[in-house]
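Have a look at the structure below before the remarks.
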Amino acid sequence: MLQPRIPVNPLPAGKPIPLTQSTSDVEMAAPAPAPVVPARTTVQLTPGSALALAAGGGAVVLVVGAVLVSMLLAVAITGVSVALIAVVLRLLVRDMQKGR
C-alpha cells in the first residue's frame, strides 16, 4: 500500500516506457524545432488618434466615476432611510409599552 510507484515517461511517439528500462535501445526523436515568432508590428499614433484615445479614456473615467458616485449616493440614502425607520419604530414601541 505504501510502496512508491515508478512514474512512466511517455515518449513523443506516444509509447510509454518505464524509467527503470535502459534507454540505450530506444531511439530518441529529434526535438521539434521552435516555432518562428513573427516580428511585432509597432503601433504609430498620429496626433488625431492620440487625441481620440485621450478623449475616449477621459469619457470612460467620467462614466465610471458617475456610476460609483451614484452607487455611493444610493447606499447613503438607504442608510438614512433605515435609520429613520429605526427611530420611528423605537418611538412606536416605547409608546406601546407606556400604554398610550
Side-chain angles (χ1 to χ4, degrees):
M1 180 173 119
L2 296 176
Q3 294 177 350
R5 295 184 182 199
I6 299 173
V8 176
N9 184 14
L11 291 178
K15 185 176 181 184
I17 297 177
L19 292 178
T20 57
Q21 183 180 356
S22 172
T23 58
S24 62
D25 58 347
V26 177
E27 293 182 20
M28 298 301 287
V36 177
V37 179
R40 293 185 181 216
T41 59
T42 58
V43 177
Q44 295 179 356
L45 292 177
T46 62
S49 63
L51 183 63
L53 186 63
V60 168
V61 167
L62 288 177
V63 168
V64 170
V67 169
L68 292 177
V69 167
S70 64
M71 288 173 61
L72 180 63
L73 185 61
V75 169
I77 291 172
T78 304
V80 169
S81 300
V82 169
L84 188 63
I85 290 171
V87 168
V88 170
L89 285 176
R90 184 174 161 196
L91 289 174
L92 288 174
V93 169
R94 184 180 294 167
D95 284 346
M96 286 175 54
Q97 287 178 349
K98 288 184 178 181
R100 292 185 180 178

*asked:* Testing L92, I85, L91 one by one against V88 for a side-chain contact (heavy atoms from CB on, under 4.5 Å), which residue passes?
replied: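 Going through L92, I85, L91 one by one, the side-chain contact (heavy atoms from CB on, under 4.5 Å) with V88 is satisfied by L92 alone.
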
*V64 pairs by side-chain contact (heavy atoms from CB on, under 4.5 Å) with which of V67, L68, V61?*
L68

*Starting at CD1 of I77, measure out to CG of L72 and round the result to the nearest 0.5 Å.*
10.0 Å

*Rounded to the nearest 0.5 Å, what's the gap from CG on L53 to OG1 on T46? Could you check?*
10.5 Å

